[in-house]
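To keep things clear, I will list the structure first and then write my remarks on it.
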Amino acid sequence: TANAQTPLSLDSAIQRSLRNHPMMYSGAYSVQQQEALRKTAITLDPVNVTYTAGQINSNLNDYNLNVGSGIKFPTEMAAQWNYQKEQIGLAKAQQNVSRGILIRNVSSSFVQVQYGMQQFALLDSLEKIYVNFARYAAVKYTTGETGMLEKLSAESKLKEIQLKKQ
């Protein structure tokens, strides 16, 4: 049928969550962001151009053109490069931690669902047994073979199991 669901194994549930969970997207984007920021570790200061004209030191017109740009000290550039490298490592470590947390949560939820399904199946089989037992106790009570206590006990246990199933 169109609504039939295929059983989901723990491994496939983990793989599906690793592919589709927003926490994994966030970690991947964080790593990409830090890798993109690594390129900013080595930058040149913008070009600075100044032009002056006129009589500065004499009666003649002077023309002065200054062009300058700054290059950071090599140890500062190396430190910034290493910092960005460590930031990438940190982003990857955070992504791995998120991955571990997600795997733990999916595994725990999967086990809880499996436990609930097994418990429901057990209660279902117990209910079938106690339905027959309650019917048998009612017949024994009507024929006079036993007292009301056995009949009420069987009915009580059946109701208890039915309540647990809900």
Side-chain angles (χ1 to χ4, degrees), residues 1-46 72 74-166:
T1 64
N3 292 337
Q5 294 180 350
T6 59
L8 188 65
S9 71
L10 177 59
D11 289 335
S12 62
I14 289 172
Q15 291 306 316
R16 185 178 291 181
S17 67
L18 290 175
R19 269 194 320 271
N20 299 326
H21 199 278
M23 202 163 57
M24 298 287 42
Y25 288 127
S26 173
Y29 290 142
S30 179
V31 170
Q32 287 176 358
Q33 177 188 23
Q34 293 304 324
E35 287 174 348
L37 285 174
R38 179 192 288 184
K39 297 173 186 170
T40 65
I42 299 175
T43 57
L44 299 176
D45 289 341
K72 294 179 183 172
T75 56
E76 184 181 349
M77 286 192 298
Q80 286 179 339
W81 181 263
N82 288 335
Y83 172 76
Q84 282 307 128
K85 187 174 148 187
E86 292 300 319
Q87 287 295 101
I88 292 169
L90 179 62
K92 287 180 180 179
Q94 287 174 337
Q95 184 182 24
N96 287 336
V97 167
S98 296
R99 177 184 168 90
I101 290 171
L102 183 61
I103 289 172
R104 183 198 66 204
N105 289 346
V106 168
S107 299
S108 175
S109 297
F110 188 84
V111 168
Q112 287 176 352
V113 167
Q114 291 296 317
Y115 175 76
M117 289 170 51
Q118 291 295 322
Q119 190 172 16
F120 186 81
L122 177 64
L123 288 172
D124 198 41
S125 65
L126 278 175
E127 182 183 30
K128 290 175 185 172
I129 292 170
Y130 274 97
V131 162
N132 290 333
F133 180 60
R135 193 175 316 134
Y136 179 70
V139 168
K140 278 178 66 177
Y141 174 72
T142 54
T143 59
E145 286 184 38
T146 187
M148 181 69 110
L149 183 60
E150 185 178 341
K151 178 183 178 244
L152 290 177
S153 176
E155 289 173 355
S156 169
K157 192 65 175 172
L158 176 61
K159 293 293 182 189
E160 180 184 335
I161 291 170
Q162 288 173 338
L163 282 174
K164 284 183 181 178
K165 274 181 63 176
Q166 293 179 351

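Side chains included, hydrogens not; waters and symmetry mates left out as well; all remaining heavy atoms used.
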Residues forming a salt bridge (Lys or Arg N to Asp or Glu O under 4.0 Å) with K140, sequence neighbours excluded: E150
For the student: nearest non-hydrogen atoms of A13 and F110, plus distance: CB-CD1, 4.5 Å
Pair D124-K165, side chain to side chain contact (heavy atoms under 4.5 Å, CB included): steps then yes or no: CA-CA 8 Å; D124 198 41; K165 274 181 63 176; 2.9 Å; yes
Side chain to side chain contact (heavy atoms under 4.5 Å, CB included) between L152 and E155, worked out: CA-CA 5 Å; L152 290 177; E155 289 173 355; 3.9 Å; yes
Heavy-atom side-chain proximity of R16 to L8 below 4.5 angstrom: yes
Closest approach of L102 to S17 (non-hydrogen atoms, all atoms of both residues): CD2-O, 3.6 Å
Residue pair L158 / A134: nearest heavy atoms and the distance that separates them: CD2-CB, 4.2 Å
Minimum heavy-atom distance M23-S98, with the two atoms named: CE-O, 3.4 Å
Compile the donor-acceptor pairs under 3.5 Å between side chains in residues 79-92 and protein atoms, sequence neighbours left out, one pair per line.
residue : atom : partner : partner atom : Å
N82     : ND2  : A78     : O            : 3.4

For the student: nearest non-hydrogen atoms of S107 and L10, plus distance: CA-CD1, 3.7 Å
Parallel, tilted or perpendicular: ring planes of Y25 versus Y29, cut at 30 and 60 degrees: parallel
Listed partners of K164 passing side chain to side chain contact (heavy atoms under 4.5 Å, CB included), at least two apart: L123, E160
R19 side chain reached by M24 side chain, heavy atoms, under 4.5 Å: no
